[in-house]
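Every value quoted in this text rests on a predicted model; they were computed, and no experiment measured them. We name chains A, B, ... by the order of the sequence lines, and we start the count at 1 in each one.
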2 protein chains.
Amino acid sequence: MKQGKRSVTITDIARELSISPSTVSRALNNHPAIKEETKRKVITLANKLNYQPNLLALNLLNKKTNNIGVVVPEITSHFFAAIISGIQDILNASGYNIIMCQSNESYREEIKIIENLSSVRVDGFLIAPSSKTRKLDHFVKLKNSGVPIVIFDRDCQGLDVDKVLLDDYDGAFQAVDYLVKSGCKKVAHLGGSLSLSTSIHRRQGYIDALKSNNLSVRDDHIFHTKGFKHSDGIRAAKSLLKLKDPPDAIFAVNDRIAIAAMYVAKMYGFKIPEDISIIGFDDEPHSSYFTPSLSTVRQPAYSIGLLSARILLQNLSNPHDSPGFRREIFRPELIIRDSSRLRPDT
Amino acid sequence: MKQGKRSVTITDIARELSISPSTVSRALNNHPAIKEETKRKVITLANKLNYQPNLLALNLLNKKTNNIGVVVPEITSHFFAAIISGIQDILNASGYNIIMCQSNESYREEIKIIENLSSVRVDGFLIAPSSKTRKLDHFVKLKNSGVPIVIFDRDCQGLDVDKVLLDDYDGAFQAVDYLVKSGCKKVAHLGGSLSLSTSIHRRQGYIDALKSNNLSVRDDHIFHTKGFKHSDGIRAAKSLLKLKDPPDAIFAVNDRIAIAAMYVAKMYGFKIPEDISIIGFDDEPHSSYFTPSLSTVRQPAYSIGLLSARILLQNLSNPHDSPGFRREIFRPELIIRDSSRLRPDT
DNA sequence: TTGTAGGCGTTATCAG
DNA sequence: CTGATAACGCCTACAA
């Protein structure tokens, strides 16, 4: 078998048919001014030869690739995977393809990815910045180069582009307020990395909910983990529950940490929710199948993906004329299941 | 703000510096035969103008894109997400980018994806076929066009390309054999869609394990769900556990279904593992945090990704000369936790 | 109805 | 050390 096979081009077809490449091109594109018979001949041969148009050449010519760059911190998280599904459903339907990249929460990798996607000339970007991203130069450059960008999930203060976010503050507030109203007096927080806007907002929502209920904020009842995995949660939950004066409720930054907290709580002999209520954040598919089923704050991940993609699509067809930028904030929904006590008044 | 900004090219830089494009090109590529001063000037201006090389042009010239197409049925599954992580870790380290696409388990979409990736001239393919894929023409075409392909996770009978698979049969056999040896007499199976090679093999492993232990295979103890989600499992588990003569063990096709089965079992008042043992397949991150923690068959998803990518890389650098194709089979590992009884002899 | 020529951005080759 | 030219595959005026 020959290797490095040259792929077939319109010129090949043209030669074989003794016509010009432009005629082939037109036939393939169903140009009206081409004889039916010629079209048929061309198309038949093209199929036979398994001709695949070379989009590189076309894109170079058109200065348009129909590719969209999607950058997420990690894909192994149901949250981002669901967002991506939403994005894909919209973009594919409009004839766009997705080039998906993970930054692995690394600033360096993120920069490399952005540069690369720039070089392959994607038509637009959908980005959830890494948690390490402080400097915004790479995004600013992008923006200045005129490519449409939509930032989602994680805010980038000071970057003026379209954004689709979630009201993390509100979600946290709802959860903690509920916990207090249901009778918990000592609500602790297992938070995430404070380099993340989402973690910061959830923490603030927690704090403000306590204050608005005239409860004091106790430093020893707040832990922030580095990562978002179960193992991170286990460690933090142990420290928390080993306290002489342990909490009677935990609001966790995400479901994984909450699950870990449930695990530790049970291990230590706490009854859930009688001794301790636990609420997470995300509503992962598994969450409702735990015992007890996990109360949580649901993020409309799929919808976030849909909307982000739709906004990008708009910018694509109608390059930014308006001066302002959209800033869409989804409101999360508190889902009460069995890991938290019921409110007496409901 | 001007829209549709033309991006800066080496010609722009050349003009501004009153030198030729070739010199700019060489300077940018650190060609030895260029005066240091010229290099410096070029590079400085390039940075100032935020020059990004146009890889479309380059790729067109080189007939090489450094892009690899990765096609999976769905991304919202921890299993595939983990495989992708493995792929990405290898490929990125070698300077390749990934174009990731989901077929959503649709044959039609898969074909469209393959055609599109062909057109954008990816250098190679990593594919987990959709469950609906029966005809293999699109893959055969690909192969004939000379692009290296590696199929992973799901076998494609009759397609001669490199493959990285998992010994599903063995995993199932191990699990069921364990269940029987631990004293279970009536082991049921909650299987997946039989259009999937993996489901078929797991089912067969289940059957053969029963037979090899001289247990009869009962049709009423085998259910096959359409999908792989919890909800699919709930329905099937209910049917199974409502039987007059319910099983004393369940081997589920994956963890989600197993979790659903645990949920239903508890709901119906079964004690796990005293009344019924349950074993899943996958070892998802959540699985060890359930109560009881889920016994399962661990698939080395990340490693499958690593190996698939490595094999592709090999084919890339060394276009297929050897006649044979690799067929790597990972052996899964049975992880016994608390959802299954202990074997008396261990 | 079809052919010709030019250009998209880059690099390799061959001359200076 | 640097410049001109051709080529990658395709499309679109313009010409015939």
Side-chain angles (χ1 to χ4, degrees), chain A residues 4-43 45-46 49-67 115-116 118-123 145, chain B residues 4-43 45-46 49-67 116 118-123 145-146:
Chain A
K5 254 185 209 174
R6 220 179 50 78
S7 42
V8 357
T9 71
I10 52 169
T11 319
D12 298 330
I13 299 180
R15 199 180 316 113
E16 188 135 348
L17 256 32
S18 304
I19 56 179
S20 83
S22 28
T23 305
V24 176
S25 167
R26 283 188 273 246
L28 256 15
N29 292 309
N30 200 23
H31 192 293
I34 295 285
K35 220 193 317 180
E36 275 306 323
E37 194 198 330
T38 316
K39 277 189 195 169
R40 205 173 32 252
K41 272 198 289 194
V42 168
I43 290 173
L45 184 56
L49 263 37
N50 188 24
Y51 167 78
Q52 298 283 3
N54 186 329
L55 290 189
L56 293 175
L58 202 50
N59 294 340
L60 178 58
L61 201 57
N62 294 338
K63 295 168 176 308
K64 184 167 188 321
T65 60
N66 285 314
N67 287 144
E115 283 187 348
N116 200 305
S118 276
S119 287
V120 300
R121 296 293 194 267
V122 293
D123 293 342
S145 76
Chain B
K5 254 186 210 174
R6 219 180 49 78
S7 42
V8 357
T9 72
I10 52 170
T11 319
D12 297 330
I13 299 180
R15 199 181 315 111
E16 188 135 347
L17 256 33
S18 303
I19 56 179
S20 82
S22 353
T23 305
V24 174
S25 167
R26 282 189 275 246
L28 255 17
N29 292 308
N30 199 24
H31 192 294
I34 294 284
K35 221 194 316 179
E36 274 307 324
E37 195 197 330
T38 316
K39 276 188 196 171
R40 206 173 31 252
K41 272 197 289 194
V42 168
I43 291 172
L45 184 57
L49 263 36
N50 186 25
Y51 166 78
Q52 297 284 2
N54 186 330
L55 289 189
L56 293 175
L58 201 50
N59 293 340
L60 178 58
L61 202 56
N62 295 337
K63 295 168 176 306
K64 182 166 189 326
T65 60
N66 285 313
N67 288 145
N116 200 305
S118 274
S119 287
V120 301
R121 295 295 193 267
V122 293
D123 293 342
S145 76

**Student:** Using a 4.0 Å heavy-atom cut-off across all strands, classify A:Ile19 as base, sugar-phosphate, or nothing.
**Tutor:**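 Sugar-phosphate, no base atom in range.
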
**Student:** Whole angstroms only, please: what is the CG-P distance between A:Leu28 and D:dC10?
**Tutor:**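 Distance check: A:Leu28 CG to D:dC10 P gives 9 Å.
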
**Student:** Let me know the distance between CG of B:Leu60 and C1' of D:dC10, rounded to the nearest Å.
**Tutor:**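 In whole Å, D:dC10 C1' lies 9 Å from B:Leu60 CG.
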
**Student:** If I take atom OH in residue A:Tyr51 and atom P in nucleotide D:dC10, what distance separates them, rounded to the nearest angstrom?
**Tutor:**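 Rounded to whole Å, this separation is 4 Å.
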
**Student:** Using atom types as modelled and distance alone, determine if a side-chain donor or acceptor of B:Asn62 lies under 3.5 Å from a backbone N or O of B:Lys64.
**Tutor:** no

**Student:** Where do B:Ile10 and B:Pro21 come nearest, in terms of heavy atoms and distance?
**Tutor:**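 Between these two residues, the closest heavy atoms are CD1-O, 3.9 Å.
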
**Student:** Under 4.0 Å from OP1 or OP2 of C:dG3: is there any side-chain N or O of A:Ser20 that close?
**Tutor:** yes

**Student:** Heavy atoms within less than 4.0 Å of DNA chain C: which residues of residues 30-41 of chain A have one? Give them sorted by number.
**Tutor:**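 Correct list: A:Ala33, A:Ile34, A:Lys35, A:Thr38.
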
**Student:** Between A:Leu60 and B:Asn54, is the side-chain contact (heavy atoms from CB on, under 4.5 Å) condition met? List the steps.
**Tutor:** CA-CA 9 Å; A:Leu60 178 58; B:Asn54 186 330; 3.9 Å; yes

**Student:** Answer with base, sugar-phosphate or nothing: what part of the nucleic acid does B:Pro53 contact at a heavy-atom distance below 4.0 Å?
**Tutor:**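 Sugar-phosphate: the residue B:Pro53, judged by heavy atoms under 4.0 Å, touches backbone atoms but no base.
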
**Student:** Between A:Asn67 and A:Val122, is there a donor-acceptor pair closer than 3.5 Å when you use the side chain of the first and the backbone of the second?
**Tutor:** no

**Student:** I need the CG-P distance between B:Leu55 and C:dT10, as an integer number of Å.
**Tutor:**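 Rounding to the nearest Å, CG of B:Leu55 and P of C:dT10 are 9 Å apart.
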
**Student:** Can you check nucleotides 12-16 of chain D for protein contacts, nitrogen or oxygen pairs under 3.5 Å, and list what you find?
**Tutor:**
residue	atom	partner	partner atom	Å
D:dA13	N6	A:Arg26	NH1	3.4

**Student:** Decide yes or no for A:Thr38 and A:Glu36: does some side-chain heavy atom of the first lie under 4.5 Å from some side-chain heavy atom of the second?
**Tutor:**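 Not in contact.
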
**Student:** How about A:Leu55 and A:Thr65: do any of their side-chain heavy atoms sit closer than 4.5 Å?
**Tutor:**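 When only atoms from C-beta onward are counted, A:Thr65 and A:Leu55 do not touch, as no gap falls below 4.5 Å.
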
**Student:** Report for the helix from C:dT1-D:dA16 to C:dG16-D:dC1: angle between first-end and last-end helix axes, five pairs each, rounded to 10 degrees.
**Tutor:**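 The end-segment axes of the helix from C:dT1-D:dA16 to C:dG16-D:dC1 are tilted 50° relative to each other.
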
**Student:** What is the distance, rounded to the nearest whole Å, between atom CZ of A:Arg121 and atom C1' of C:dT10?
**Tutor:**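 Rounding to the nearest Å, CZ of A:Arg121 and C1' of C:dT10 are 11 Å apart.
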
**Student:** Taking only the side-chain heavy atoms of A:Thr9 (C-beta and beyond), determine which of C:dG9, D:dC10, C:dT11 contains the nearest atom.
**Tutor:** D:dC10

**Student:** Taking side-chain contact (heavy atoms from CB on, under 4.5 Å) as the criterion, tell me which of B:Leu45, B:Ile19, B:Ile43 meets it with B:Ile13.
**Tutor:** B:Leu45

**Student:** A:Val24 and A:Leu17: side-chain contact (heavy atoms from CB on, under 4.5 Å), yes or no, with the steps?
**Tutor:** CA-CA 9 Å; A:Val24 176; A:Leu17 256 32; 5.5 Å; no

**Student:** Measure the distance from CZ on B:Arg15 to P on D:dT2 and round it to the nearest whole Å.
**Tutor:** 19 Å

**Student:** Report the C-alpha separation of A:Asn30 and A:Lys39 in whole Å, then their side-chain angles, then the decisive distance to 0.1 Å, and conclude whether the side-chain hydrogen bond (donor to acceptor under 3.5 Å, both in side chains) test is met.
**Tutor:** CA-CA 7 Å; A:Asn30 200 23; A:Lys39 277 189 195 169; 2.9 Å; yes

**Student:** Just by distance, with hydrogens left out, do B:Ser25 and B:Ser22 show a side-chain donor and acceptor under 3.5 Å apart?
**Tutor:**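 There is no such pair between these side chains.
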
**Student:** Does a side-chain N or O of B:Lys63 approach OP1 or OP2 of D:dG9 to a distance below 4.0 Å, or not?
**Tutor:** yes

**Student:** Nearest-nucleotide wise, let me know which of B:Ser18 and A:Gln52 is further upstream toward the 5' end of DNA chain D.
**Tutor:** B:Ser18

**Student:** B:Tyr51 vs B:Asp12, test: side-chain contact (heavy atoms from CB on, under 4.5 Å). Steps then yes/no.
**Tutor:** CA-CA 10 Å; B:Tyr51 166 78; B:Asp12 297 330; over 6 Å; no

**Student:** Start with the C-alpha gap between A:Arg40 and A:Lys35, add the side-chain angles, then the distance that decides, and say whether side-chain contact (heavy atoms from CB on, under 4.5 Å) holds.
**Tutor:** CA-CA 9 Å; A:Arg40 205 173 32 252; A:Lys35 220 193 317 180; over 6 Å; no

**Student:** Distance check needed: C:dC8 C1' versus B:Asn54 CG, whole Å only.
**Tutor:** 8 Å

**Student:** How long is the line joining CG of A:Asp12 and C1' of D:dC10, in whole Å?
**Tutor:**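 Roughly 13 Å, once rounded to whole Å.
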
